[in-house]
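Comments concern the structure below.
Whatever order the structure lists ligands and atoms in, that order sets their numbers, starting from 1.
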Amino acid sequence: MPIGGGFAKVPGETVEIGGNAFQIFPHNPRQWAARMPSDDDVVRFLRDVKKYELNPEYFMCHSGYLINIASTKDDVWKKSVELLELEMKICAKLGIKYLNIHPGSHLGAGEASGIEKITTALNIVFKKEKTVSILLENVVKKGGNIGYNYAQMRKIIEGCESSDRIGLTFDTCHGYDAGYDVTDPSGIQKLYGEIEREVGINRLKFIHLNDTKNVLGSQKDRHENIGNGNIGLEGFKVFLSNHTFSSIPLILETPGDNLEHAQDIAKVKEIYQSIVYDH
Ligand code: MN
Ligand code: MN
Ligand code: ZN
């Protein structure tokens, strides 16, 4: 959801487009600059959360794009840790329990040193802010990215002292582009099995429900509106027929603004109505 008009508009606009869950940025995601929201904005935000009877368990923030806690460049890493801490404090002030991050890119330094940087960073921020949980989002395998499989997620979790404060977001576009066939029952079982085996399925807190412009395993990451891409309406129907994946909150990160997102939400609701669950 857009935050240009302040956080206070988010609950109302979410309901207006047919939603009951949302993701926001805690600040302009393309800048290092960030500040705490005003008391007035927070009060009005919380008032509307109540007014529209929204469940805070369905709210998440997405970390800024400049942050890279896997960076082996000291200045970037330090700035990233500082901004991540501030983002957690913004989340806490808004009563948002989850902050979604991309694990980061080691930029050629290698997976092991990247993961070490990530765990060091998380151990610092978990000590500075003690309430918000971090969600690790799966990514595609490009540019030294860490987090394109769940063995990597496990290594991050194992390196954290407060590992009870780490959850997962599964992004369907990133997953499909990384080679997880979410349109096929055996692909879905494989994904489920890998998450369960490596970190436990209970860590999965959100789905980023995005269609993709690219083909299975393309390692590209370009989102498409629901039904217009290579996952497609049928593919989402298969994916959401899985009880686990269909019973956790879904967040759209599809192209367009509120109008397009309202259309995507309507399509997702139709998919749910077309699924016949076996109990
Ligand atoms: Mn993301
Ligand atoms: Mn995503
Ligand atoms: Zn993406």
Report yes if the side chains of V125 and E129 come closer than 4.5 Å at any heavy-atom pair, otherwise no. no
Within-2.8 Å protein N/O/S contacts of the Zn ion (ligand 3): H174 NE2, D221 OD1, H223 NE2
Less than 3.5 Å apart, any donor N or O on the side chain of T172 or N210 sitting next to an acceptor on the other? no
Report yes if the distance between the aromatic ring centroids of Y98 and F59 is under 6.0 Å, otherwise no. no
Pairwise side-chain contact, F126 with I166, heavy-atom cut-off 4.5 Å (strictly under): yes
Between H62 and H208, how do the two ring planes meet: parallel, tilted or perpendicular, split at 30° and 60°? parallel
Mind checking how many protein N/O/S atoms fall short of 2.8 Å from the Mn ion (ligand 1)? 3
Look at atom CD of E234 and say whether more than 12 heavy atoms of other residues, nucleotides or ligands are closer to it than 6.0 Å. no
Should T72 and W77 count as side-chain neighbours, where that means a heavy-atom distance under 4.5 Å? no
Within 6.0 angstrom of K93 NZ, more than 12 heavy atoms from elsewhere: yes
Just checking Y65 against F25, ring centres under 6.0 Å apart? yes
